[in-house]
Amino acid sequence: MALQAASFLPSIFSVHREGKSNTSLKDTGFIGISLSDHLKSDFKSQTIRTKREFNQKKLSLGAVRAETAVTTPAINKATPEGKKTLRKGNVIITGASSGLGLATAKALAETGKWDIIMACRDFLKAERAAKSAGISKEHYTIMHLDLASLDSVRQFVDNFRRSGKPLDVLVCNAAVYLPTAKEPTFSADGFELSVATNHLGHFLLSRLLLDDLKQSDYPSKRLIIVGSITGNTNTLAGNVPPKANLGDLRGLSGGLAGLNGSAMIDGGEFDGAKAYKDSKVCNMLTMQEFHRRYHEETGIVFSSLYPGCIATTGLFREHIPLFRLLFPPFQKYITKGYVSEEEAGKRLGQVVSDPSLTKSGVYWSWNKASASFENQLSQEASDRAKARKVWEISEKLVGDW
Ligand code: LMG
Ligand code: NDP
Ligand code: PMR
């Protein structure tokens with residue numbers, strides 16, 4: 001079901017530039033959420049915040065509080081025309097040093113309405129990538145994040161809080177794909193590397209930053225976790241072997257440790273391509289579990305997406321050279337599933353800020369005319385009981401927050 005023609009990025013947000021506003025909050029009902037609803041949900045989330053969260057905040061945010069208190073409010077009423085304007089949004093994008101993440105950073109930077117925090121494991125690479133993509137310095141900051149280390153995730157969150165910036169949107173985009181590996185490799189914490197990076201690192205990051213999203217006064221707060229078609233067995237692409245299958249999660253429960261158990265979520269033999277597809281199923285299940293647990297309470301919009309087959313990105317760097325040579329023409333001319341990095345970046349940019357993509361719990365895809373629609377997930381990728389189990393086991397693996 002096509003929802004809309006893909007009008008890229010919010011026309012409503014045009015209020016920001018040079019303070020020349022011709023759109024008021026009252027006129028627009030802001031990004032599909034009325035201000036009063038927004039305030040209500042914020043109030044609700046304040047009052048039912050648990051004691052544990054409160055105490056933890058006191059500890060970790062003590063030094064930051066004073067700074068955050070002086071940041072520009074999301075809605076500034078003091079323009080010369082007396083109109084209400086929206087401050088720039090702050091968005092964290094993981095893995096913004098390449099491919100989809102970089103293209104999304106570029107697309108958002110070009111609107112002039114976003115401060116982009118590029119959360120990357122290789123600072124120099126990220127700096128060069130931003131430069132060569134032509135993203136101007138005023139639009140981005142690079143912060144170190146290695147998702148394959150839970151310590152690094154916690155450190156990143158501390159550093160981000162110290163910056164005093166509010167958090168309005170979090171994009172969990174980074175991933176690794178190890179299709180030719182014969183043996184598993186492991187993260188700093190001893191988990192199989194693809195599930196550790198793509199799922200567990202993002203799970204901890206999202207869970208920690210949920211509090212920051214809750215505190216933001218931005219009218220449309222979003223948490224996006226990038227999914228994929230190849231994790232969905234209700235599609236042709238999802239039926240190319242090896243297929244995603246989380247089984248009864250026995251390997252995940254065992255800590256994906258390899259030595260005494262299995263490195264695979266389902267407890268089976270290691271297969272790098274399957275581990276990647278399984279990790280994408282976890283990404284899509286996590287988004288839905290977030291939605292069920294927190295959307296009503298917080299008003300945060302939780303989304304996932306399949307941006308199209310971006311056959312030219314660094315994701316395939318570990319694949320054999322023949323694959324890398326043939327895959328782009330195969331996707332362009334045979335499956336016709338190919339999209340450029342630029343187009344994919346615009347699509348994810350829409351999920352970050354388009355006023356029409358505010359329905360929570362949705363897995364977005366785009367049709368041939370590049371119009372977004374709510375896609376169907378496979379049976380496994382929409383299994384509520386499995387989502388809850390994945391959440392609970394992941395919670396145990398990443399430790400308390
Ligand atoms: C696994 O193999 C590896 O085992 C694993 O280690 C990991 O690397 C993983 O996903 C990564 O791949 C997958 C392997 C098995 O697929 C391939 O290697 C693809 C080669 C297929 C060769 C087909 C020849 C077609 C020639 C076309 C022209 C040039 C372009 C070639 C580009 C190749 C890059 C993809 O795959 C299979 O088992 C193949 C069978 C797939 C079954 C899929 C189920 C749906 C069946 C639908 C059939 C419809 C056909 C459409 C036609 C498309 C191809 C022409
Ligand atoms: P790329 O390899 O180009 O980008 C992946 C990014 O993740 C890179 O910036 C990489 O950093 C970063 N990254 C990898 N490991 C870590 C880590 N441990 N800590 C922090 N960052 C890390 O791939 P894509 O742009 O294609 O992939 C982006 C997303 O899109 C992924 O979630 C992928 O699953 C999804 N996707 C991709 C599709 C495609 O066809 N390409 C299709 C569907 C979904 P570095 O630059 O340092 O290597
Ligand atoms: Mg797939 C409509 C058909 C379609 C689409 C949209 C994709 C996307 N692929 C399709 C079909 C096929 N692929 C067919 C028929 C084959 C067998 C020839 C095929 C094979 C194939 C391989 C070997 N495809 C692949 C691989 C990979 O290694 C990629 C992968 O699975 O990464 C996990 C991949 C992909 N195909 C896609 C997409 C989007 C990918 C890669 C990335 C991802 O899901 O994130």
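For ligands, and for the atoms within them, numbers begin at 1 and follow the listed sequence.
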Between [Y] and [X], is there a salt bridge with N-O shorter than 4.0 Å?
{"X": "Lys214", "Y": "Glu297", "value": "yes"}
{"X": "Lys106", "Y": "Glu110", "value": "yes"}
{"X": "Arg87", "Y": "Asp217", "value": "yes"}
{"X": "Asp168", "Y": "Lys221", "value": "no"}
{"X": "Asp266", "Y": "Arg250", "value": "no"}
{"X": "Arg292", "Y": "Glu289", "value": "yes"}
{"X": "Asp354", "Y": "Arg222", "value": "no"}

Give the contacting part of [X] toward ligand 2: side chain, backbone, both or neither, where contact means a heavy-atom distance below 4.0 Å.
{"X": "Val176", "value": "side chain"}
{"X": "Thr197", "value": "side chain"}
{"X": "Leu145", "value": "backbone"}

Report the part of Lys277 in contact with ligand 3, treating N, CA, C, O as backbone and CB onward as side chain, heavy atoms under 4.0 Å; options are side chain, backbone, both, neither. side chain

Record the part of Lys336 in heavy-atom contact with ligand 3 below 4.0 Å; permitted values are side chain, backbone, both and neither. neither

Heavy atoms only: which of [options] is nearest to [atom]?
{"atom": "atom 27 (C) of ligand 3", "options": "Tyr306, Tyr177, Tyr276, Phe316", "value": "Tyr177"}
{"atom": "atom 29 (C) of ligand 2", "options": "Asn173, Leu205, Asn198", "value": "Asn173"}
{"atom": "atom 26 (O) of ligand 2", "options": "Thr313, Val226, Thr230, Val171", "value": "Thr313"}
{"atom": "atom 10 (C) of ligand 2", "options": "His144, Arg317, Lys125, Lys277", "value": "Arg317"}
{"atom": "atom 15 (C) of ligand 3", "options": "Phe327, Phe330, Tyr338", "value": "Phe330"}
{"atom": "atom 15 (N) of ligand 2", "options": "His202, Arg121, Glu318", "value": "Arg121"}

Closest approach of any protein heavy atom to atom 40 (O) of ligand 2, naming residue and atom: Ile310 N, 2.8 Å

What is the nearest protein non-hydrogen atom to atom 36 (N) of ligand 2, stated with its residue, atom name and distance? Tyr276 OH, 4.0 Å

Going by distance only, is there an N or O of [X] that falls short of 3.5 Å from an N or O of ligand 2?
{"X": "Gly95", "value": "yes"}
{"X": "Tyr306", "value": "no"}
{"X": "Leu100", "value": "yes"}
{"X": "Ser228", "value": "no"}
{"X": "Leu147", "value": "yes"}

Ligand 2 atoms in contact with [X] (distance to a heavy atom under 4.0 Å):
{"X": "Leu315", "value": "1 (P), 2 (O), 3 (O), 23 (O), 26 (O), 37 (C), 41 (N)"}
{"X": "Phe316", "value": "40 (O), 41 (N)"}
{"X": "Gly99", "value": "3 (O), 25 (O)"}
{"X": "Ala148", "value": "18 (N)"}

Could you list which atoms of ligand 3 come closer than 4.0 Å to a heavy atom of [X]?
{"X": "His319", "answer": "28 (O)"}
{"X": "Ser228", "answer": "43 (C), 44 (O), 45 (O)"}
{"X": "Thr335", "answer": "2 (C), 3 (C), 4 (C), 10 (C), 11 (C)"}
{"X": "Phe323", "answer": "22 (C), 23 (C), 26 (C), 27 (C), 28 (O)"}
{"X": "Val240", "answer": "12 (C), 13 (N), 14 (C), 16 (C), 19 (C), 20 (C)"}
{"X": "Cys309", "answer": "37 (C), 38 (C), 39 (C)"}

Start with the C-alpha gap between Lys396 and Glu392, add the side-chain angles, then the distance that decides, and say whether salt bridge (Lys or Arg N to Asp or Glu O under 4.0 Å) holds. CA-CA 7 Å; Lys396 287 200 183 108; Glu392 287 166 358; over 6 Å; no

[X] near ligand 2, heavy-atom distance under 4.0 Å?
{"X": "Tyr177", "result": "no"}
{"X": "Glu341", "result": "no"}
{"X": "Ser149", "result": "no"}
{"X": "Ala103", "result": "no"}
{"X": "Cys309", "result": "yes"}

For Ser279 and Asn198, run side-chain hydrogen bond (donor to acceptor under 3.5 Å, both in side chains): C-alpha distance rounded to whole Å, both residues' side-chain angles, the deciding distance at 0.1 Å, then the answer. CA-CA 6 Å; Ser279 76; Asn198 309 356; 3.0 Å; yes

Looking only at N/O atoms, are Gln331 and ligand 3 under 3.5 Å apart anywhere? yes

Answer yes or no: is there a side-chain heavy-atom contact under 4.5 Å between [X] and [Y]?
{"X": "Ser228", "Y": "Lys277", "answer": "no"}
{"X": "Tyr177", "Y": "Pro179", "answer": "yes"}
{"X": "Pro166", "Y": "Tyr218", "answer": "no"}

Would you say the side-chain atoms of Glu342 and Ser340 include a donor-acceptor pair closer than 3.5 Å? no

Between Phe323 and His319, what is the ring plane arrangement, given parallel below 30°, perpendicular above 60°, and tilted in between? parallel

Does the plane of the ring in Phe160 sit parallel, tilted or perpendicular to the ring in Phe156? Use 30° and 60° as the thresholds. parallel

What do you reckon, are the aromatic ring centroids of Phe316 and Phe327 less than 6.0 Å apart? yes

Please tell me whether Trp366 and Tyr306 form a close aromatic pair, meaning their ring centres lie under 6.0 Å apart. no

Determine whether any heavy atom of Lys280 lies closer than 4.0 Å to an atom of ligand 3. no

Between Trp114 and Tyr140, is the ring pair (Phe, Tyr, Trp, His ring centres under 6.0 Å) condition met? List the steps. CA-CA 8 Å; Trp114 292 92; Tyr140 72 91; over 10 Å; no

Would Glu192 and Ser194 count as a side-chain hydrogen bond (donor to acceptor under 3.5 Å, both in side chains) here? Give the steps. CA-CA 6 Å; Glu192 188 284 315; Ser194 16; 2.7 Å; yes

